[in-house]
Amino acid sequence: MYFLADCNNFYVSCERVFNPRLRGRPVIILSNNDGCAVALSNEAKALGIPRGAPLFKWRSFLDRHNGIYLSSNYTLYGDMSRRVMDLLATFSEECEVYSIDEAFLATESLSEKSALSLAEEIRETILRCTGIPMSIGAGTTKTLAKAANAYAKKNVKNGCCCITDFNRKKILQMVPVSQVWGIGVQHARLLAHHGINTTAEFIDMPESWVRKRMAVTGLRTLLELNGTPCIKMEKYPPNRRSIVSSRSFGTPVSKLALLSESVHEYGCRAATRLRSMNLLCSSLTVYIATNLFKDEPHYSNSATVTLNYPTDSSPIITKEATRLLHTLFKEGYQYKKTGIMLHGLTPKDEQQYSLFSQNDHIERDSRLMSVMDSLNIRYGSKTVVLASEGLTQSWQMKRQFLSPAYTTRWSDLPCVKTE
DNA sequence: TCTGGGGTCCTAGGACCC
DNA sequence: TCTGGGGTCCTAGGACCC
């Protein structure tokens with residue numbers, strides 16, 4: 001039996017744990033740069049605000065409805081997520097953290113009654129220990145557990161649902177096929193075009209039809225919904241394939257020197273993450289783009305370079321990235337975003353040295369980077385940076401409505417009044 | 001004024017091998 | 001007149017996820 005435990009409106013729920021004034025009110029959490037809504041409370045959803053709604057279009061509407069908007073506080077959400085996941089792991093040996101707010105658990109085969117009582121116990125424990133409300137779906141495949149969760153969130157008061165051979169058809173009638181795990185907007189549109197709207201209608205489709213139009217991933221979804229497990233539990237997180245670091249700018253940037261600062265910062269950010277995972281990258285891509293939403297000349301482009309030897313060094317990565325940036329840059333555009341991607345990731349303990357050059361500097365570089373990383377871990381990120389990241393960073397993203405780091409900074413610890 | 005960031009997998013087509 | 005069969009690797013683009 002698979003269980004999918006998913007936190008309700010996770011980012012909003014994290015904020016509400018420490019700020020009770022947010023309860024019962026429409027709350028939205030904004031994307032980076034305070035751009036658009038990435039998480040909404042039920043009250044905000046009920047007002048008809050869609051996910052992805054740009055703040056500037058909805059701000060006065062929210063104000064009129066006593067609503068709240070907050071910048072993303074990933075430090076808080078990451079820490080709350082860890083608490084939730086640690087607790088979930090106590091309920092099953094097989095626990096796969098699937099995203100920041102959800103995890104799969106696997107157990108031996110259970111009756112509907114025992115599955116529901118386990119789900120209820122998990123839900124109650126997480127709520128009591130962390131303050132985060134959850135919904136839990138159970139089924140004999142991961143996709144069915146996901147579907148049960150989607151159903152529970154909308155239709156079951158205690159947020160728990162178990163799909164069995166007996167109730168499957170009935171429950172899947174209530175789940176729109178567009179909500180099924182693995183079916184995105186394109187396939188939902190395709191299915192709607194063929195008159196398929198509910199998941200119950202989808203599971204009767206011929207396998208050959210689905211294979212032909214929705215590829216093997218679509219076929220897997222179909223089989224899973226019909227009770228054939230195709231997607232296993234991932235006991236260990238699979239090896240990372242790529243690392244991306246990119247941001248939109250707070251204000252448009254037209255100067256190469258400023259773009260270069262941002263590429264340096266994102267390069268360092270990506271390289272730091274690379275080192276924390278004990279990996280090296282063997283190629284990197286830089287891209288730049290203007291604002292697609294604006295009625296002005298657009299330009300976007302990207303370039304990739306294969307490195308002479310795999311590396312995790314911030315100076316090497318940022319140097320190569322800047323070289324690429326210079327080939328991409330065109331004068332006369334207002335740029336909105338730059339980004340850097342690292343690919344060809346290999347474990348550091350399998351480092352391939354260069355055949356054609358001295359390798360001493362690799363060791364030296366590596367020592368320099370570990371000193372930099374340990375200083376930044378001990379005294380806070382950005383204690384030591386490359387000067388090329390710039391000192392003013394006028395392009396930095398906006399975070400106007402940020403809540404305190406309630407759980408990770410001494411000075412931000414919430415105060416409890418006792419009088 | 002103002003619209004996010006970070007990932008994976010699959011497929012088709014081209015270039016290449018014998 | 002007529003032009004095979006069986007592969008690999010790489011890349012771009014598209015689909016999906018949170």
Side-chain angles (χ1 to χ4, degrees), chain A residues 4 6-7 9-11 28-39 49-60 62 69 71-74 77-78 81 96-104 142-143 146 149-150 177-191 210-221 224 230-231 234 237-252 262 266 269-270 273-274 277 282-283 285 287 289-296 301-304 306 334 336-345 397-401:
Chain A
L4 188 269
D6 185 311
C7 302
N9 317 323
F10 182 57
Y11 296 173
I28 67 172
I29 308 297
L30 300 167
S31 62
N32 276 332
N33 232 4
D34 293 340
C36 53
V38 293
I49 306 173
R51 211 185 114 93
L55 177 64
F56 74 92
K57 284 190 184 167
W58 289 87
R59 192 168 177 167
S60 61
L62 263 167
Y69 26 89
S71 305
S72 294
N73 186 344
Y74 286 105
Y77 312 150
S81 171
E96 175 193 337
V97 176
Y98 178 67
S99 76
I100 192 165
D101 73 334
E102 61 189 301
F104 286 102
K142 281 177 147 184
T143 307
K146 273 277 208 179
N149 188 287
V177 74
S178 59
Q179 278 183 23
V180 167
W181 188 43
I183 295 183
V185 277
Q186 296 303 327
H187 286 156
R189 201 172 293 158
L190 171 81
L191 290 169
V210 174
R211 172 64 182 90
K212 194 170 163 202
R213 291 178 176 74
M214 300 168 67
V216 293
T217 42
L219 180 59
R220 271 205 283 266
T221 300
E224 283 243 325
C230 304
I231 308 172
E234 306 264 1
N239 288 333
R240 177 79 62 139
R241 312 297 304 270
S242 63
I243 290 176
V244 177
S245 179
S246 72
R247 289 283 183 283
S248 299
F249 303 133
T251 48
S262 72
Y266 305 157
R269 204 192 283 267
R273 230 184 300 155
L274 193 61
M277 294 184 241
S282 46
S283 71
T285 300
Y287 67 88
T290 55
N291 190 344
L292 273 175
F293 291 101
K294 277 202 164 173
D295 195 15
E296 57 184 31
N301 205 350
S302 71
T304 301
T306 301
Q334 297 283 317
K336 178 64 179 168
K337 187 174 181 178
T338 57
I340 176 163
M341 304 177 187
L342 310 179
H343 330 269
L345 308 187
M397 69 173 183
K398 286 188 275 189
R399 275 180 114 183
Q400 245 181 297
F401 316 106

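So you know, we letter chains A, B, ... as the sequences are listed, proteins then strands, and number each from 1. From a predicted model like this one, the values you see are computed outputs, not experimental measurements.
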Atom pair distance, as rounded to whole Å: CD1 in A/Ile340 and P in B/dG7: 12 Å
Per-nucleotide protein contact string for nucleotides 8-18 of chain C, where B marks a base within reach and S marks sugar-phosphate only (heavy atoms under 4.0 Å, - for neither): -------SSSS
Touch class at under 4.0 angstrom, heavy-atom based, for A/Ser72 against every strand present: nothing
Touch class at under 4.0 angstrom, heavy-atom based, for A/Lys337 against every strand present: sugar-phosphate
Presence of A/Lys294 side-chain N/O under 4.0 Å of B/dC2 phosphate oxygens OP1/OP2: yes
Distance below 4.0 Å between A/Arg247 side-chain N/O and B/dG6 OP1 or OP2: yes
d(CZ, A/Arg273; C1', B/dG6) in whole Å: 7 Å
N or O in side chain of A/Lys336 less than 4.0 angstrom from B/dT3 OP1/OP2: yes
Exercise: do A/Ser99 and A/Glu102 side chains pair donor with acceptor under 3.5 Å: yes
Length of the CG-P vector between A/Asn33 and B/dC2, whole Å: 11 Å
Closest-nucleotide 5' rank along DNA chain B - winner of A/Pro252 and A/Arg240: A/Pro252
For A/Asn149 against A/Leu4, the heavy-atom pair lying closest together: ND2-O, 3.0 Å
Nearest-nucleotide pick for A/Ile243, side chain only, options being B/dG5, B/dG7, B/dG4: B/dG7
SB check A/Glu296 A/Lys336 (cutoff 4.0 Å): no
Between C1' of B/dT3 and NZ of A/Lys398, the distance in whole Å: 11 Å
5' precedence on DNA chain B between A/Arg220 and A/Asn291 (nearest-nucleotide basis): A/Asn291
B/dT1 phosphate, OP1 or OP2, under 4.0 Å from A/Thr251 side-chain N/O: no
Atom-pair distance (CG on A/Leu274; P on B/dG7), nearest Å: 11 Å
For A/Arg241, side-chain contact (heavy atoms from CB on, under 4.5 Å) partners two or more places apart: none
Sugar-phosphate, base or nothing in reach of A/Arg399, heavy atoms under 4.0 Å: nothing
Side chains of A/Arg247 and A/Tyr266, donor plus acceptor under 3.5 Å: no
Gap in Å between the two P atoms, one belonging to C/dC18 and one to B/dT3, rounded: 25 Å
A/Ser248 and A/Asn33: side chain donor to acceptor below 3.5 Å: no
Whether A/Trp181 and A/Phe104 hold their rings parallel, tilted or perpendicular, with breakpoints at 30° and 60°: tilted
B/dG6 OP1/OP2 closer than 4.0 Å to side-chain N/O of A/Ser246: yes
Short side-chain donor-acceptor distance under 3.5 Å, A/Ser262 and A/Thr338: yes
Length of the CG-P vector between A/Asn32 and B/dC2, whole Å: 17 Å
Separation of B/dG6 P from A/Tyr11 OH (nearest whole Å): 12 Å
A/Arg59 CZ - B/dC2 C1' separation (whole Å): 10 Å
